[in-house]
Amino acid sequence: MSELTDLTIASARKGRTDKEFSAKELCEAHIKTIEDANEGLNAFIVTTPELALALADVSDQKLQKGIGGELEGIPLGIKDLFCTMGTQTTAGSHILDKFTPDYESTISKNLLDAGGLMMGKLNLDEFAMGSSNETSYYGKCLNPWKRNTDGANLVPGGSSGGSASSVSARLVMGATATDTGGSIRQPAAFTGTVGIKPTYGRCSRWGVVAFASSLDQAGPITRTVEDAAIMLKVMASYDPKDTTSVDIEVPDYEKSLAGGVKGLKVGIPKEYRMDGMPEEIEQLWQQGIEWLKAEGAEIIDVSLPHTKYALPAYYIVAPAEASSNLARYDGVRYGLRVPGDDILSMYENTRAEGFGDEVKRRIMIGTYVLSAGYYDAYYLKAQKVRTLIKRDFDEAFTKVDVLLTPTTPGPAFAPGEKGSEDPVEMYLNDIFTVTANMAGLPGISVPAGLSSEGTPLGLQLIGKPFDEAGLFQVAQTIENAAGLLPAPDKWW
Ligand code: GLN
């Protein structure tokens, strides 16, 4: 039955409706691949096969009656940052030890209501802080792709490493992910999958463990652009429980897939051509330009002059918000509690033991930039830079419909290869992706080819606010031209 796990969501939906297989069979096939893979890939923090099978039974009954939902019987993974009722939610952190929510995040509820099967909770960097999944308390997750030059195991990217790895390795058909500075798009690029970060406000943040509230946005990781369109349609909704959720119609994204790019204006921001960028990234970008040109798009050079300030400003805004959001983990309300002589030492012991090094670094930076005397110099200034970055995009979008850039400045690297001496080396992974978060814009990463090391590379499209449909339209053209990547060779 292993071929069932090779199906896309779109083809599985059809096969299931045509009664070629049942939701239960589809579910069982995925449970088996997960069992075989989890020791090697460590993509799941916890698996929930009993729950998935129970949901599959309900799906089969609904399908029998012809009342199946949009994702009825489709095996999905949920990043362990989304609160799931009755299933532990750790955010990849020791401090949320054994925390089991008695509520369901709006997004995972939307997916369950549409008939999706939750196969388990996916690994991630602790509190979504990282670009390699190496900061997870539950151990690193690996990329199913290996480097063909030296056979090295690679990171799947982060923070949504488990989401990207599990989709790429065919353990689930799609997964939820979140993106504060690139955590959907960068892991998608590293694993040959499609990842879209919608416009800020498109998907509800309710029930998603907060990292940096003004930047966090959830979205799907899937194997095709069509599957991303199907999943985002279900995930997106207006939610009064999230005051930043926007009450705007969610279009039927599948309808935009066949639109093509004829007459569309595609902007190429010159500031994304960086010193020291590998030649193959430049070539990939050029290839993307040629593909779109060949389909009738008009290519226009644009400038986003404040791009170079995006990463430094992000590393002020994101830690500032994180230091405030993470103040709630004090050993009283959630998860871990490490006793002390008095309440203050209990707080201190719990936070000292519960948080990992990267999270502590962010809390310290955030507390510093918000402290009296430094607030104006750092936080306020970063917010002003943010406005300038947003203005650059506004200006560019008066001339073009969409922007094309590489997703990452390089291919997937091996665990330990980046950031152990200098954290900034790791932060630089997000150089092309943080800008969209700072401006609240939608961005998608599409697989576009292989590196000289035989590993996937992605191209990124950034769109106008709430124009996810436009992104899917252009992304489909790129996918058609690039062709789908083969499944990674199974070594796990
Ligand atoms: N890598 C970035 C960081 O560590 C972004 C993470 C994310 O998007 N969640 O902050």
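When a ligand or atom number is given, it counts from 1 through the structure's own listing order. As a basis for the values below, the full set of heavy atoms in this structure was taken, side chains included, without hydrogen atoms, waters or symmetry mates.
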Participant: Under the salt bridge (Lys or Arg N to Asp or Glu O under 4.0 Å) rule, what do Glu254 and Lys233 come out as? Steps first, then yes or no, please.
Facilitator: CA-CA 9 Å; Glu254 284 181 78; Lys233 171 88 170 78; over 6 Å; no

Participant: Between Asp227 and Arg223, is the salt bridge (Lys or Arg N to Asp or Glu O under 4.0 Å) condition met? List the steps.
Facilitator: CA-CA 7 Å; Asp227 284 1; Arg223 289 199 289 272; over 6 Å; no

Participant: Ring-plane angle category for Phe432 and Tyr272, please: parallel below 30°, perpendicular beyond 60°, tilted otherwise.
Facilitator: parallel

Participant: If you apply the rule salt bridge (Lys or Arg N to Asp or Glu O under 4.0 Å), what do you find for Asp330 with Arg351, and how did you get there?
Facilitator: CA-CA 7 Å; Asp330 54 7; Arg351 287 170 70 84; over 6 Å; no

Participant: Parallel, tilted or perpendicular, judged at 30° and 60°: which one describes the rings of His94 and Tyr137?
Facilitator: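 Rings of His94 and Tyr137: parallel, under 30°.
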
Participant: Identify, chain by chain and in numerical order, each protein residue with a heavy atom under 4.0 Å from an atom of ligand 1.
Facilitator: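 Within 4.0 Å of ligand 1, protein side: Ala128, Met129, Gly130, Ser131, Ser159, Asp179, Thr180, Gly181, Gly182, Ser183, Phe211, Tyr314, Tyr315, Arg362, Asp430.
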
Participant: Quick check for you: to the nearest 0.5 Å, what is the distance between Phe397 atom CZ and Leu441 atom CG?
Facilitator: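 Here the interatomic distance stands at 5.5 Å.
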
